[in-house]
Amino acid sequence: MAFLQFPSSCFRTTSIPTFSMPITASSHLSLPTTHNLNPDFRVKSLNWVFSGALALTLSVTGVGLAEAKVGVNKPELLPREFTPVIDVAGFLSDGQEKRLAQEISDIEKDTGFKLRVLAQNYPDTPGLAIKDFWQVDDRTIVFVADPTFGNILNFNVGATVDLDIPRSFWSRLAGKYGNMFYWKEKGEDASIEAAVMAISNCLREPVGPNNCSEVK
């Protein structure tokens, strides 16, 4: 299966969170090499987030390179009608989904940024089908909640978002609300809700040298 491709002016390719690699703009999302592990950096490139084949599996489970490159694509797991929150893992109650969807709608109205939340347990995920369903663009934040590899919070941000939000914010957010101790004690739903509110607070701050310096 071919990887997702975006114009470099539309979406910034981000490095796999488990590797200390520079973030560069590219029209092709490629597979990184497995070295310089850095488990605190949680921003992912789209092909890995949507397929769920995180680079960490290469070193932890011994998944082969060819297998890891195969993206999951299950459009049958998508809802029939549009929603910014898709929970195929069953982490959220109906009430929680509605509250999150309303918060996300308010974020978009107030800031122009689009937050999209996918809760999954790989390989049970719509995967690559999410791209077209959500019309992902340079103002989109894709938040994938998946506890498979320990930290439940995984993000990919569009190029415009990347210009306004410090990249360190995403690693701090994952460290605070995504670590295994937090979500195992409080629940996956608590991690998801806390992360959405933290993102909402960050996006509403004036852009400047100290914006999003705290995870609230």
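Because the structure is predicted, anything quoted here is derived from the model rather than measured.
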For the atom pair CD (E193) and CZ (R99), what is the distance rounded to the nearest 0.5 Å? 5.5 Å
CZ-CG distance between F181 and N151, expressed to the nearest 0.5 angstrom: 11.5 Å
Side-chain heavy atoms under 4.5 angstrom apart, residues restricted to Ile, Leu, Val, Met, Phe, Trp, Tyr: same cluster for I107 and V207? no
Between F91 and N121, is any pair of side-chain heavy atoms under 4.5 Å apart? yes
Less than 4.5 Å apart, any side-chain heavy atom of I130 and any of L78? yes
Which atom of I104 lies closest to which atom of L115, heavy atoms considered: CG2-O, 3.0 Å
Taking the side chain as C-beta and beyond, is there a heavy-atom pair between V85 and Q96 under 4.5 Å? no
Interatomic spacing from CD in E185 to OG in S191 - rounded to 0.5 Å: 10.0 Å
May I ask whether L77 and V136 are part of the same hydrophobic cluster, defined by side-chain heavy atoms of I, L, V, M, F, W, Y residues being less than 4.5 angstrom apart, directly or through others? yes
Side-chain contact test, heavy atoms from C-beta onward, threshold under 4.5 Å: evaluate it for V88 versus P126 and give yes or no. yes
Heavy-atom distance under 4.5 Å between the side chains of L203 and I141, does that happen here? yes
Does a side-chain heavy-atom distance below 4.5 Å link F113 with I165? no
Once rounded to the nearest 0.5 Å, what's the spacing between atom OG of S200 and atom CD of E205? 10.5 Å
Minimum heavy-atom separation for I192 and A119, please, with both atom names. CD1-CB, 4.2 Å
Going by side chain to side chain donor-acceptor pair (under 3.5 Å), name the residues that satisfy it together with N179, two or more places apart in sequence or in a different chain. none
Correct closest heavy-atom pair for P147 and I152 would be N-CG1, 3.7 Å
Any chance you could lay out the side-chain contact (heavy atoms from CB on, under 4.5 Å) test for W170 and V215, step after step, and finish with the verdict? CA-CA 9 Å; W170 306 106; V215 176; over 6 Å; no
Atom of T140, atom of R116 and distance for their closest heavy-atom approach: CG2-CG, 4.1 Å
Can you tell me which residue pairs pass the ring pair (Phe, Tyr, Trp, His ring centres under 6.0 Å) test with a partner in residues 182-216, sequence neighbours excluded? Y177-Y182
Taking all heavy atoms of A129 and all of K74, pick out the closest pair and write down the distance. CB-C, 4.4 Å
Donor-acceptor pair, Q120 side chain versus D146 backbone, under 3.5 Å? no
First locate atom CD of E97, then atom CG of D189, and finally report the distance between them rounded to the nearest 0.5 Å. 11.0 Å
Only one of D106, T111, N211, D110 forms a side chain to side chain donor-acceptor pair (under 3.5 Å) with R204, so which one is it? D110
Minimal heavy-atom distance between A195 and L173, with the atoms involved, is CA-CD1, 4.0 Å
4.5 Å side-chain heavy-atom contact, N154 and F149: no
If you round to the nearest 0.5 Å, how far is NZ of K131 from CG of N73? 10.5 Å
Check whether M197 and F143 end up in the same hydrophobic cluster, where Ile, Leu, Val, Met, Phe, Trp and Tyr are linked by side-chain heavy atoms less than 4.5 Å apart. no
I want to check something: taking the side chain as every heavy atom from C-beta on, are L128 and F133 in contact at a cut-off of under 4.5 Å? no
